[in-house]
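Heads up, the thing below is written out as structure tokens.
Numbering of residues begins at 1 and proceeds along the displayed sequence.
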Amino acid sequence: LAPYQLGAHLMLIPFGELQRQVTVSVPGPLRVVVYRRLMLRIAAALAKKVHARALVTGDAVGQVASQTLDNLAVVHTKLRDYDLALELQTKALAAWERSVGREHPSTAMSLTFLGKIHFGRGQDEETKQAYERAVAIFDRHEGMQDGELHARFFLAQMLLLTGGDRERALELARSAR
């Protein structure tokens with residue numbers, strides 16, 4: 001492609017030592033988010049140094065943005081920073097709905113994350129609503145989807161804990177087998 005470009009300069013950054021430091025100091029589920037943040041910080045610093053007007057990552061913006069927001073929301077949920085987690089997850093859900101639609105299993109998965117955050121905030125009704133919507137989306141798709149078992153069991157648990165429909169709770173638990 002070189003004959004068709006206006007000029008490009010390749011910069012290679014050794015990342016191995018940073019990866020080793022992250023591996024020993026960051027819990028496994030959070031590493032990918034930390035790696036991405038480090039790489040973007042390095043890229044931003046290089047872009048500033050060469051006076052670049054844009055930074056192109058090659059990501060599919062809608063999907064990757066929602067995945068990153070989901071991941072950051074999970075991090076803040078684990079830190080019990082539920083206010084920031086809720087803000088991030090609400091944005092992630094909107095990004096999923098825009099990029100893949102309101103009825104996609106990825107949207108349902110994002111709703112399960114939202115349900116967890118509402119549960120952490122003690123918002124039982126919002127928790128049930130998020131999980132009900134996720135389960136309804138999963139029901140419209142064939143085969144077991146990622147997060148579907150969790151959504152069914154957690155919704156069943158919420159119904160039982162809050163004095164909800166016991167028969168519906170049992171039905172959800174049975175369907176998750």
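Of all non-hydrogen atoms in Leu88 and His76, the two that sit nearest each other are CD1-CD2, 3.6 Å. Between Thr107 and Arg102, the closest heavy-atom pair is CG2-O, 3.7 Å. Taking every heavy atom of both residues into account, Ala169 and Ala156 meet most closely at O-CB, 3.4 Å.
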Legend entry - side-chain contact (heavy atoms from CB on, under 4.5 Å) assessment of Asp139 paired with Arg152: CA-CA 10 Å; Asp139 282 345; Arg152 290 181 183 285; 2.2 Å; yes

Legend entry - From CA spacing to verdict: side-chain contact (heavy atoms from CB on, under 4.5 Å), Thr23, Tyr35: CA-CA 10 Å; Thr23 300; Tyr35 292 144; 3.3 Å; yes

Inset, instruction - Could you walk me through whether Leu111 and Val135 pass side-chain contact (heavy atoms from CB on, under 4.5 Å), step by step? - result: CA-CA 9 Å; Leu111 283 161; Val135 168; over 6 Å; no

Legend entry - side-chain contact (heavy atoms from CB on, under 4.5 Å) evaluation trace for Leu69 with Gln89: CA-CA 6 Å; Leu69 289 169; Gln89 194 59 48; over 6 Å; no

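Atom NZ in Lys116 sits 12.0 Å away from atom OG1 in Thr127 (nearest 0.5 Å). Note that CG of Asp81 and CD of Glu87 are 9.5 Å apart. Values are rounded to the nearest 0.5 Å. Here the NZ atom belonging to Lys91 is positioned 11.0 Å from the CG atom belonging to Leu86, to the nearest 0.5 angstrom. The line from CD of Gln21 to CG of Leu38 is 9.0 Å long, rounded to the nearest 0.5 Å. With values rounded to the nearest 0.5 angstrom, Arg53 atom CZ is found 12.5 Å from His51 atom NE2.
Following chains of ILVMFWY side-chain contacts shorter than 4.5 Å, one can reach Met39 starting from Val75, so the two form part of one hydrophobic cluster. The hydrophobic cluster containing Leu18 does not contain Val32, counting ILVMFWY residues as joined when their side-chain heavy atoms lie under 4.5 angstrom apart, directly or transitively. Residues Phe154 and Leu160 are members of separate hydrophobic clusters, defined by side-chain heavy-atom contacts under 4.5 angstrom among Ile, Leu, Val, Met, Phe, Trp and Tyr.
The closest side-chain heavy-atom distance from Asp70 to Val74 is not below 4.5 Å. Side-chain contact between Asp83 and Arg121 is present, with heavy atoms from C-beta onward closer than 4.5 Å. Using a 4.5 Å cut-off on side-chain heavy atoms (C-beta onward), Trp96 and His104 make no contact. When side chains are defined from C-beta on, Arg166 does not count as touching Leu159, because their heavy atoms never get closer than 4.5 Å. Looking at Met158 and Asp124, their side chains come closer than 4.5 Å, going by heavy atoms from C-beta outward.
By the neighbour-count criterion of 12 heavy atoms within 6.0 Å, atom CZ of Arg168 is densely surrounded, having more than that number from other residues, nucleotides or ligands. In the displayed structure, Arg41 atom CZ is contacted under 6.0 Å by at most 12 heavy atoms of other residues, nucleotides or ligands.
Centroid-to-centroid, the aromatic rings of Tyr131 and Phe119 stay 6.0 Å apart or farther.
With sequence neighbours excluded, no residue forms a side chain to side chain contact (heavy atoms under 4.5 Å, CB included) with Val24. For Leu161, the side chain to side chain contact (heavy atoms under 4.5 Å, CB included) partners at least two apart in sequence or on another chain are Gln157. Here Thr77 pairs with Tyr82, Ala85, Ile117 under the side chain to side chain contact (heavy atoms under 4.5 Å, CB included) rule; sequence neighbours left out.
If you check the side chains of Glu126 and His118, you find no donor sitting under 3.5 Å from an acceptor.
One finds no salt bridge joining Glu171 and Arg174 here, because no Lys/Arg side-chain nitrogen approaches an Asp/Glu carboxylate oxygen to under 4.0 Å. Look at Lys128 and Asp165 and you find no salt bridge, because none of the NZ, NE, NH1 or NH2 atoms lies under 4.0 Å from a carboxylate O. A salt bridge links Glu97 to Arg133: at least one charged side-chain nitrogen sits closer than 4.0 Å to a carboxylate oxygen.
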